[in-house]
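None of the values given here were measured: they were computed from a predicted structure.
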Amino acid sequence: MKLLILTQYFPPETGAPQNRLYELARRLKENGVEVEILTALPSYPKNEIYEGYRNCTEMTEILDGILVHRTSIYVTTSKGIVERLKNYFSFVRSSRKYGKNLHPFDFLLCESPPLFLGYSAIYLSKKLKAKLIFNVSDLWPESAEKMGVVNNKFLLKLAYGLEAKCYKKSFLVTGQTQGIVANIKKRFPAVKVHWLPNGAKMENFDEANISTIDFRSKNGIERSDLVFFYGGIIGHAQGLKIILDAAAQFLDKKIKFVIMGSGPEKEALMQYKNDHGLHNVIFPEPVGRTQMQAVLSEIDIALIPLRKLDIFTGAIPSKIFEALAMKKPLLLGVNGEACELFINQANAGWHFEPENLNDLCEKIRQIGDDPSKIRDYGINGRNFVSQNFDRNRIADDFLKLLSAT
């Protein structure tokens, strides 16, 4: 079986899709699948081509035995919609041009977003005689419209049309959450869908295998401090300002709030922190995926908010799996599927109503007044992820599905 994964994002970049696709590819290869990657020259999250990949438009390399094809991409630090579209479509063009000369594949898996990569995926699946699998990790453009990121009616019409075309041209549509799968199935009942969840590589989170990086001491955090940690994209969807507003109410407590990551909202949040004298909020530089376990080993609670939008009731932030695999409980500001799985079923933390500052602060007070549950909730979370979201099991199930076709 031959599989080509088409994605704009892939290691050495860090992030949820990068890690998820790399781990899936590696496991499929270990099970005999001939896997290749077609991706862009790495530039995320700093929006500059990585050292070692500059001054070239195309290249190939081997990552853990997997052949990776890289093509050019327009890189910009602008947050404007026009510049972002130029970024997306530059890789659509370069991947299409390069990919048409590859050998035939049995399957082509396209990662979305960016949705526009579907143009290249539809063309290449036909050119390479491959069945198209369209993998949806975010219901774009619906989420972009509801968050107000995209308001242009013409662009939205084009995007919704492309979304429908990608689903209808696919042999299989996969989604990261049950909510995404249900949404697609409801709108496109004739489309074959499959839940392909995120998960954790459990062996990476065994405490005996993790070396310390002195994260607390390097960031001025005392051992006695209670640390609430957010790690991931600092963007519009997360609504992270609520963390800073909560921090303002705990300035006299032994509590620290850590926000680690990159994204369009980071600069504004850091300015807000400085303007309001929030000495208990820390913005450390992001670390690579191999160091995240060491960071998580030194925090207490994973604080994970999202904005209160209906579109997010089916969302499961990928950072949940790593935190729970590391036995770190959640303070979860997400309604719907994530709350049902990890709070109600797993009993792995606390829930607060999204964008409700009073509720968030009340939960922080509860944890600070009675920290005894932190350990028990952490153990519950690791057991739940191990039983239900182990990456090995996820890859095995996906391979069985493809083999049966």
Side-chain angles (χ1 to χ4, degrees), residues 207 212 214-232 234 238-261 269-270 272-284 292-308 317 319-320 322-335 338-339 342-344 346-385:
E207 294 174 350
T212 181
D214 295 322
F215 175 75
R216 288 199 178 217
S217 61
K218 289 179 180 178
N219 289 282
I221 302 172
E222 297 181 5
R223 287 293 157 190
S224 57
D225 287 338
L226 183 65
V227 177
F228 292 84
F229 175 84
Y230 172 86
I234 304 177
Q238 290 71 33
L240 297 178
K241 182 175 174 292
I242 194 173
I243 297 179
L244 278 69
D245 290 336
Q249 300 192 31
F250 295 93
L251 289 170
D252 60 342
K253 304 293 184 181
K254 293 281 290 179
I255 298 176
K256 294 292 191 298
F257 299 86
V258 177
I259 301 175
M260 175 185 283
L269 291 178
M270 292 179 70
Y272 187 88
K273 168 202 166 174
N274 293 334
D275 291 345
H276 292 79
L278 302 178
H279 61 80
N280 55 348
V281 178
I282 300 166
F283 286 87
M292 182 52 72
Q293 297 93 324
V295 172
L296 289 172
S297 71
E298 296 193 52
I299 64 104
D300 296 299
I301 297 101
L303 175 50
I304 303 175
L306 279 179
R307 290 178 58 191
K308 190 176 182 180
K319 56 188 69 68
I320 287 175
E322 294 184 342
L324 294 184
M326 202 67 235
K327 298 183 183 179
K328 302 302 175 179
L330 309 177
L331 178 49
L332 184 67
V334 185
N335 287 337
C339 181
F342 302 105
I343 304 302
N344 297 340
N347 198 25
W350 300 261
H351 174 264
F352 70 94
E353 188 66 21
E355 298 190 278
N356 187 324
L357 177 61
N358 290 334
D359 194 19
L360 171 59
C361 291
E362 177 58 29
K363 294 303 191 302
I364 293 172
R365 291 188 188 95
Q366 289 179 17
I367 297 168
D369 292 341
D370 182 15
S372 61
K373 292 183 179 179
I374 292 176
R375 179 180 178 277
D376 291 341
Y377 282 170
I379 293 173
N380 292 346
R382 179 176 170 92
N383 291 338
F384 188 78
V385 169

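For the pair Leu306/Pro354, no side-chain contact is recorded, criterion being any heavy-atom separation below 4.5 Å from C-beta on. Side-chain contact between Val295 and Met292: present, with at least one pair of heavy atoms (C-beta onward) separated by less than 4.5 Å. Side chains of Val258 and Asn219 form no contact here, defined as non-hydrogen atoms less than 4.5 Å apart. Residues Phe257 and Leu278 have side chains not in contact (no heavy-atom distance under 4.5 Å, counting atoms from C-beta outward). For the pair Val334/Phe342, no side-chain contact is recorded, criterion being any heavy-atom separation below 4.5 Å from C-beta on. You'll find the side chain of Ile259 stays beyond 4.5 Å of the side chain of Leu303, heavy atoms only. When side chains are defined from C-beta on, Asp245 counts as touching Tyr272, because their heavy atoms get closer than 4.5 Å. Taking 4.5 Å as the limit, every side-chain heavy atom of Leu324 sits out of range of all side-chain heavy atoms of Phe384.
In plain terms, the two heavy atoms of Phe352 and Pro305 that are nearest each other are CZ-CB, 4.1 Å. For His351 against Cys339, the heavy-atom pair with the smallest separation is CD2-SG, 3.6 Å. Smallest separation of non-hydrogen atoms from Ala348 and Gly381: CB-CA, 3.6 Å. Minimum heavy-atom separation, Val281 to Lys273: O-NZ, 2.8 Å. Scanning both residues, Asp225 and Lys256, for their nearest heavy atoms gives OD2-NZ, 3.1 Å. Contact record, Phe215 with Glu298: N-OE2, 2.8 Å, taken as the closest heavy-atom pair.
Between the side chain of Lys328 and the main chain of Ile299, a donor-acceptor pair closer than 3.5 Å is present. At least one donor-acceptor pair under 3.5 Å links the side chain of Arg382 to the backbone N or O of Ala325. For the pair Asp359 (side chain) and Glu353 (backbone), a donor-acceptor distance under 3.5 Å is present.
A 6.0 Å sphere centred on CZ of Arg365 holds more than 12 heavy atoms belonging to other residues, nucleotides or ligands. The neighbour count for Lys327 NZ, taken as heavy atoms of other residues, nucleotides or ligands under 6.0 Å away, does not exceed 12.
Atoms NE2 and CG, on His279 and Leu251 in that order, are 4.5 Å from each other to the nearest 0.5 Å. The line from CG of Leu360 to CD of Gln249 is 9.0 Å long, rounded to the nearest 0.5 Å. In this structure, CH2 in Trp350 is found 11.5 Å from CD1 in Ile364, a value given to the nearest 0.5 Å. Distance CG/Leu331 to CD1/Ile374: 10.5 Å, rounded to 0.5 Å. Within the model, atoms CD1 of Ile221 and CD1 of Ile282 stand 3.5 Å from one another, a figure rounded to the nearest 0.5 Å. In this structure, CG in Leu332 is found 11.5 Å from NZ in Lys363, a value given to the nearest 0.5 Å.
Every residue meeting the side-chain contact (heavy atoms from CB on, under 4.5 Å) condition with Lys319, not counting sequence neighbours, appears here in chain and number order: Tyr230, Ile304, Pro317. Every residue was checked against the side-chain hydrogen bond (donor to acceptor under 3.5 Å, both in side chains) condition with Asp252, not counting sequence neighbours, and none meets it.
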- Task: Apply side chain to side chain contact (heavy atoms under 4.5 Å, CB included) to the pair Asn356 and Lys308, showing each step before the final yes or no.
- Result: CA-CA 9 Å; Asn356 187 324; Lys308 190 176 182 180; over 6 Å; no
- Starting from the C-alpha separation in whole Å, work towards a yes-or-no answer on salt bridge (Lys or Arg N to Asp or Glu O under 4.0 Å) for Asp300 and Lys254. CA-CA 13 Å; Asp300 296 299; Lys254 293 281 290 179; over 6 Å; no
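Residue Ile301 forms a side-chain contact (heavy atoms from CB on, under 4.5 Å) with just one option from Leu330, Leu226, Val227, and that option is Leu226.
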